[in-house]
Amino acid sequence: MARNIGDPTAVTNGDLCVGCGVCALAFPKKVSMSRGSNGFEEAHLTAGSELTPDESDQFRRFCPGLGYERPRRTGGPQSTAMWGNVIEAREAWASDRDVRRTGSSGGAITAIAGHLIASGKVEAVLGIAEGSEPLTNEMRVIRSVDACATLSGSRYSPATPFQHLGDLGTGARIAVVGKPCDIAGLRRFLTSHSEDGYPTVVVYLSFFCAGTPSWKGTREVLSRLDVDGRELESLRYRGNGWPGKFSVQLRGGEERSMPYEKSWGQILNKHLHTRCKLCQDGMGSQADIVAADSWETDERGYPLFTESEGRSLLVSRTPVGEQIVQEALALDAISARPADIQSLGNVQPSQRTRREVGAARGLGYRLGGHSVPSWRGVPRWRWLARRPILSIRQFVGAFRRARRERRVSI
Ligand SMILES: Cc1cc2nc3c(=O)[nH]c(=O)nc-3n(C[C@H](O)[C@H](O)[C@H](O)COP(=O)(O)OP(=O)(O)OC[C@H]3O[C@@H](n4cnc5c(N)ncnc54)[C@H](O)[C@@H]3O)c2cc1C
Ligand code: SF4
Ligand code: SF4
């Protein structure tokens, strides 16, 4: 059980580390991050280090690998247990055509980041971008509107956003972008360390997340494109259209690409982290503002991936988030039209299903001998009754997978 785990090495050994880097931020002399043989960025205690009992208690409270806690209700007429706090939901996109095109699903996050800097609300925005070495991601500190463009686009590979956040110094006013688990970990940590000299996070931005594929996933896509990683000049997972393509530029200038439907749907999503298979918060419930692909759906409700102009379902989860969205609209940084949060079940069916069968999956993993995160305040057993047959299948699949993975790791 995850509740017995009390340090980053144990989380990594339990196959639950999502690589957010918050433990390395909290205990910089005792924790380091590195890429494991499984192709994920993971946390470890440095040689000879151990956490004190007090540090272990703190760690258990913030580490997103170990669990999730439903946030306090912030009100909002569209809030539901399934989709979390919703002050307002809109379909939105960047008003600037270039930002809209290069962004993952319309560039609203990049446009809001630019607005936050232009309006002086924050000094810097922290986000993930392609690293200086091929096949790496790195956290960037963005201080100008133009530089926000370097963050645009989703990176479907491991990334460690918050390890070096402390370098920004006391009192710096910043915005952060991260996956839901990154945001949950950082928010929980900073809530109890606001007096300890860390920057002040004015707003937490996130996006819906189906999971992080390992670097092995990226390598498999490259191999299908007949590309050696050493030939790479740059790599984009999508964007430059909606959904855009997985595209690489080689050192000699040649470009190769693969449609999103194939790169994500047939390859990358087969390489997801185990923690992602157990995730119940792919909708960023701890963020102030969260964006999701607002896919068109077919008559059965399944997303269509036909190329069109990007747009996101943009959800303000807190009054802080809603105020920023309203200001970004008033200054024409983003454009929007009203949306109904209930449509999320149609445009993001996998997120709903994942919540409905989460308890069955968790039980399967647990009985199969795998550590599982805790989910405080999520009515998982009630949801399970909605999908009894699928839940049984998920339970059996999870149990078998856990047994198989245990055999491999023993
Ligand atoms: C691993 C992953 C899984 C996703 N799964 C889903 C899903 O199931 N459903 C869905 O609707 N959307 C999903 N998305 C998000 C989606 O692809 C869009 O990013 C989102 O809709 C926002 O679009 P945008 O155009 O406003 O973002 P953009 O303006 O393009 O900005 C993207 C932002 O995301 C940040 N970012 C990119 N990659 C990472 C990363 N690996 N870790 C942390 N931050 C990162 C960038 O720094 C940037 O600030 C996923 C994204 C990722 C990275
Ligand atoms: S805090 Fe983040 S990086 Fe550290 S062990 Fe937990 S999930 Fe991994
Ligand atoms: S699926 Fe959940 S655990 Fe995995 S990266 Fe996304 S938010 Fe984190």
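We use all heavy atoms of the structure for the numbers below, so side chains are in, but hydrogens, waters and symmetry mates are not. Read the numbers this way: they start at 1 and go in the same order the structure lists the ligands and their atoms. Note that the numbering runs from 1 along the sequence shown for the chain.
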With heavy atoms under 4.0 Å as the rule, classify the contact between A43 and ligand 2 as side chain, backbone, both or neither.
-> side chain
Nearest non-hydrogen protein atom, atom 29 (O) of ligand 1 = T110 OG1, 2.5 Å
Who gets closest to atom 15 (C) of ligand 1 by heavy atom: F208, Y260, W295?
-> F208
Quick one: does G153 get an N or O within less than 3.5 Å of an N or O on ligand 1?
-> yes
Would you say the side-chain atoms of Y237 and T218 include a donor-acceptor pair closer than 3.5 Å?
-> yes
For R275, atoms of ligand 3 separated by under 4.0 Å from a heavy atom = 3 (S)
Ligand-side contact atoms (ligand 2) for residue partner G65, heavy atom cut-off under 4.0 Å = 7 (S)
Does the distance from a Lys or Arg side-chain N to an Asp or Glu carboxylate O, for E322 and R90, drop under 4.0 Å?
-> yes
Is there any N or O on Y156 that sits under 3.5 Å from an N or O of ligand 1?
-> yes
CZ/R173: more than 12 non-hydrogen atoms of other groups inside 6.0 Å = no
Output the list of atoms in ligand 1 that are nearer than 4.0 Å to some heavy atom of R238, sorted by atom number.
-> 16 (C), 17 (O)
Which protein N, O or S atoms lie under 2.8 Å from atom 6 (Fe) of ligand 3?
-> C209 SG
Pair D98 + R101: basic N to acidic O under 4.0 Å = no
Okay, side chain of R361, backbone of A398: is any donor-acceptor separation there less than 3.5 Å?
-> no
Residue pair V221 / W264, side-chain heavy-atom distance below 4.5 Å | no
Backbone or side chain, does any N or O of T102 fall under 3.5 Å from an N or O of ligand 1?
-> no
Check each atom of ligand 1 against the heavy atoms of A291 and keep those under 4.0 Å away; list them by number with element.
-> 21 (O), 22 (C)
Distance-only N or O hit between ligand 1 and Q348, under 3.5 Å = yes
Could I get the full list of ring-ring contact (aromatic ring centres under 6.0 Å, His included) partners for F395, not counting sequence neighbours?
-> none
Just distances here: any N/O of G127 and N/O of ligand 1 closer than 3.5 Å?
-> no
Salt bridge between K277 and D15, side-chain N to carboxylate O under 4.0 Å?
-> no
Q351 heavy atoms within 4.0 Å reach ligand 1 at atoms 8 (O)
List every atom of ligand 1 that sits less than 4.0 Å from any heavy atom of S157, numbering the atoms from 1 in the order shown and giving each element.
-> 41 (N)
Have a look at F162, W264, F207, W93 and point out the one with the heavy atom closest to atom 51 (C) of ligand 1.
-> F207
Under 3.5 Å, side chain of R355 to main-chain N/O of Q280, donor-acceptor pair present?
-> yes
For residues G166 and Y198, report the shortest heavy-atom separation together with the two atoms involved.
-> CA-CD2, 4.4 Å
Would you say ligand 1 has an N or O under 3.5 Å from any N or O of G107?
-> yes
For residues Y365 and T274, is any side-chain donor paired with an opposing acceptor at under 3.5 Å?
-> no
Is G178 in polar range of ligand 1, meaning some N or O pair under 3.5 Å apart?
-> no
Assess the side chains of R354 and Q351: does a donor N or O sit below 3.5 Å from an acceptor N or O?
-> yes
With distance as the sole criterion, is a donor-acceptor pair present between the side chains of N137 and S157 under 3.5 Å?
-> yes
Region of M283 that comes within reach of ligand 3 [heavy atoms, distance under 4.0 Å] = neither
Based purely on interatomic distance, does A159 place a nitrogen or oxygen under 3.5 Å from a nitrogen or oxygen of ligand 1?
-> no
Given that the side chain starts at C-beta and the backbone is N, CA, C, O, which of these parts of A129 lies under 4.0 Å from ligand 1, counting heavy atoms, or is it both or neither?
-> neither
Under 3.5 Å between some N or O of ligand 1 and some N or O of S152?
-> no
Going by heavy atoms, is R354 under 4.0 Å from ligand 3?
-> yes
Which of the numbered atoms in ligand 2 are below 4.0 angstrom from a heavy atom of C23?
-> 1 (S), 3 (S), 4 (Fe), 5 (S)
At what distance is the nearest protein heavy atom to atom 8 (Fe) of ligand 2, and which residue and atom is it?
-> C17 SG, 2.4 Å
Per-atom contacts, ligand 1 versus G106 - under 4.0 Å to a heavy atom | 25 (O)
Any sub-3.5 Å donor-acceptor pair from T12's side-chain atoms to C17's backbone N or O?
-> no
Can you name the residues that form a salt bridge (charged side-chain N to carboxylate O under 4.0 Å, His left out) with K270, not counting sequence neighbours?
-> none
Centres of the F59 and F27 rings: under 6.0 Å?
-> no
Would E309 and R97 pass as an ion pair if we require N to O under 4.0 Å?
-> yes
Atoms of ligand 1, numbered as shown, that sit under 4.0 Å from any heavy atom of G103 = 25 (O), 30 (O)
Run the side-chain donor-acceptor check on residues 333-340: report pairs under 3.5 Å with partners two or more places apart or on a different chain.
residue	atom	partner	partner atom	Å
S335	OG	S95	OG	2.8
R337	NE	E91	OE1	2.8
R337	NH2	E91	OE1	2.9
D340	OD1	Q342	N	2.9

Could you find the nearest protein heavy atom to atom 3 (S) of ligand 2 and give me its residue, atom name and distance?
-> G21 N, 3.3 Å
min-distance protein heavy atom vs atom 2 (Fe) of ligand 2 -> C20 SG, 2.4 Å
Count the heavy atoms belonging to other residues, nucleotides or ligands that lie under 6.0 Å from CD of E50, then report whether that count exceeds 12.
-> no
Any non-hydrogen atom of G310 lying under 4.0 Å from ligand 1?
-> no
NZ/NE/NH1/NH2 to OD/OE distance under 4.0 Å, E327 and K121 = yes
For atom 6 (Fe) of ligand 2, which protein heavy atom lies nearest, and how many Å away is it?
-> C63 SG, 2.4 Å
Give the atoms of ligand 1, by number and element, whose distance to some non-hydrogen atom of A292 is under 4.0 Å.
-> 11 (O), 21 (O)
Is there a nitrogen or oxygen of I109 sitting under 3.5 Å from a nitrogen or oxygen of ligand 1?
-> yes
Considering only NZ, NE, NH1 and NH2 on the basic side and carboxylate oxygens on the acidic side, decide whether E220 and R224 come within less than 4.0 Å.
-> yes
